[in-house]
Protein chains: 2
Amino acid sequence: MDQGQGALTQLRAYLAQRDLPANTRLPPERELCDILGVSRGELRKALAVMESNGELWRHVGKGTFIGTRPAKEYSDVAGIAALTSPREVMQARLLIEPQIAREAALNATAGDIAELRQCMQASRQAQTWRQYENCDNRLHRTVAEAAHNTVLLALFDTLNAVRRAVVWGRLRDKVDRPPKDHHSFKEHELLVKAIEERDMDGASQAMLRHLSQVQANLLAARQAAE
Amino acid sequence: MDQGQGALTQLRAYLAQRDLPANTRLPPERELCDILGVSRGELRKALAVMESNGELWRHVGKGTFIGTRPAKEYSDVAGIAALTSPREVMQARLLIEPQIAREAALNATAGDIAELRQCMQASRQAQTWRQYENCDNRLHRTVAEAAHNTVLLALFDTLNAVRRAVVWGRLRDKVDRPPKDHHSFKEHELLVKAIEERDMDGASQAMLRHLSQVQANLLAARQAAE
DNA sequence: AGCCTAACCAATTCTTGATTGGTTCCGCAA
DNA sequence: TTGCGGAACCAATCAAGAATTGGTTAGGCT
């Protein structure tokens with residue numbers, strides 16, 4: 001009679017005795033058989049019960065672990081890029097980056113602000129669009145760094161990586177250098193100024209306006225291409 | 001003489017001749033030395049110039065590549081989790097999720113709203129904290145789905161994965177079931193209602209208030225534990 | 001029919017050696 | 001003294017093969 005559920009009770013006793021924390025790997029099945037004195041078939045039945053019960057999870061080649069199966073980490077940049085569009089990326093930037101700028105205004109150090117100014121100066125002196133874009137990217141990332149929040153920075157990097165992957169094939173035909181009155185110059189200036197003055201709303205709005213301009217330019221460029 | 005910049009001009013000629021596309025790996029330095037008939041030191045000087053110029057990038061163990069250095073894909077959830085703290089994660093949620101809720105209010109379909117209501121109902125009927133948290137997670141993710149923006153959804157998933165990883169070792173001691181007057185019930189109600197009424201500001205504020213409550217509870221729990 | 005054992009499969013991890021950019025040191029010559 | 005060339009060494013990375021592990025199947029035994 002006890003034989004039917006024997007493996008399960010033995011396994012439960014084994015686990016209860018050690019009180020293992022979640023995400024702990026327990027010995028491979030072949031060893032556990034010997035330890036518990038049960039055949040592998042019976043052990044696997046017991047494991048199947050506990051797995052369906054959400055008490056542990058298994059994976060080929062990895063092993064058997066305590067707790068619930070970890071959610072699939074949906075952060076494969078290439079995968080995201082394949083599913084989305086420039087429009088969605090721009091929309092996400094419009095929602096996320098102003099919030100990051102707001103936080104940057106609160107937490108930026110003097111060093112951060114100095115680097116922001118350096119980025120602006122470098123972007124004005126850029127000789128090619130390629131160099132300008134490097135400076136622009138660096139400025140936006142410095143804002144994200146100035147927020148001094150690792151998670152926000154990581155999310156920004158992910159968003160940025162997706163953006164680059166999506167517009168991968170784009171080519172900036174014009175070999176001209178950026179014009180001296182490029183709209184971004186003034187917008188960046190306002191953004192950095194707001195951050196420097198700890199004006200959270202101002203920084204958020206400056207970033208929003210800047211990205212709106214970028215979006216407008218993208219749309220214009222797309223229509224001009226047709 | 002020509003000798004001073006010789007390596008650089010030789011390298012430029014080599015590259016111009018092949019017109020390699022971006023992201024192409026060029027031969028290892030030791031081979032390139034022989035090909036160009038230059039010493040490694042000189043070659044490395046030339047490479048350093050071109051790298052600082054943004055024309056190529058190098059990495060130990062990988063090689064030298066044409067184009068700009070790809071932003072390190074910060075999508076390793078475990079890596080982020082190791083560098084951050086629950087406080088930062090909570091702060092990021094407070095900045096990001098209200099914006100997602102705003103977008104959800106604009107784009108949610110009838111199906112989305114039906115699923116949101118289903119999540120709420122299920123959370124009220126939860127018998128254990130475990131079940132309740134599943135419902136809560138699903139509700140928040142459904143809001144992110146309702147925004148109908150692949151990038152936003154991916155960012156939400158990343159943030160969520162980090163959150164789970166950070167509070168990994170947490171243990172919900174209380175085996176009690178969630179109380180009937182749990183604060184989240186009313187807050188979820190207001191959130192879903194705002195989304196249903198296409199009230200973008202309302203949805204954003206409802207999400208903000210809800211997360212603020214969650215944050216307050218976390219702090220209270222932490223202080224109680226001391 | 002049910003069980004144990006053994007063998008095999010595919011996914012994953014571990015191990016080992018080779019590759020590669022970065023650095024240091026010594027000798028030599030201008 | 002200064003600078004260049006060559007060689008050796010270092011740490012990060014990659015690549016290929018061996019070993020591990022959960023999942024499955026087949027045969028023999030009670």
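Chain letters run A, B, ... following the sequence lines, proteins first, then strands; residues in each count from 1.
The aromatic rings of H140(A) and H188(A) sit perpendicular to each other, their planes meeting at more than 60°, with 30° as the lower class boundary.
Along DNA chain C, the nucleotide nearest G61(A) and the nucleotide nearest L26(B) are compared for position; the residue whose nucleotide lies closer to the 5' end is G61(A). Between K62(B) and R25(A), the residue whose closest nucleotide on DNA chain D is further toward the 5' end is K62(B).
Looking at V49(A) and K45(A), their side chains never come closer than 4.5 Å, going by heavy atoms from C-beta outward. V166(A) is not listed as a side-chain neighbour of E88(A), based on a closest heavy-atom distance of 4.5 Å or more.
Remark: P of dT5(C) and CD of E42(A) are 11 Å apart, rounded to the nearest angstrom. Rounding to whole angstrom units, CG of residue L43(B) and P of dG5(D) are separated by 11 Å. The CD atom of E31(A) sits 17 Å away from the P atom of dA19(D) (whole-angstrom rounding). We find that CH2 of W57(B) is positioned 15 Å from C1' of dG22(C), with the value rounded to whole Å. Distance CZ (R30(B)) to C1' (dA7(D)): 10 Å, rounded to an integer number of Å. Rounded to whole angstrom, the span from the CG atom of L32(B) across to the C1' atom of dT19(C) amounts to 16 Å.
Close to dG22(C), at under 4.0 Å from its OP1 or OP2, lies a side-chain N or O of R44(B). In this structure, T64(B) reaches the dG21(C) phosphate: one of its side-chain N or O atoms is under 4.0 Å from OP1 or OP2. Dashed line: the shortest gap from a side-chain N or O of H59(A) to OP1 or OP2 of dT21(D) is not under 4.0 Å.
Checked against dT21(D), dC4(C), dG22(C), the side chain of R58(B) finds its nearest nucleotide in dG22(C). Residue S39(A) places its side chain closer to dT5(C) than to any other of dG21(C), dG23(D), dT5(C). Of the candidate nucleotides dG23(D), dA11(D), dC3(C), dG23(D) has the atom lying nearest to any side-chain atom of E29(A).
The pair E55(B)-R12(B) counts as a salt bridge, with a side-chain nitrogen and a carboxylate oxygen less than 4.0 angstrom apart.
Between the base of dG22(C) and the side chain of R40(B) there is a donor-acceptor pair shorter than 3.5 Å.
For the side chain to side chain contact (heavy atoms under 4.5 Å, CB included) test with T84(A), the passing option among L152(B), V151(B), L153(B) is V151(B); the others fail.
Residue contacts shown for G41(A) are absent, as no nucleic acid heavy atom lies under 4.0 Å away.
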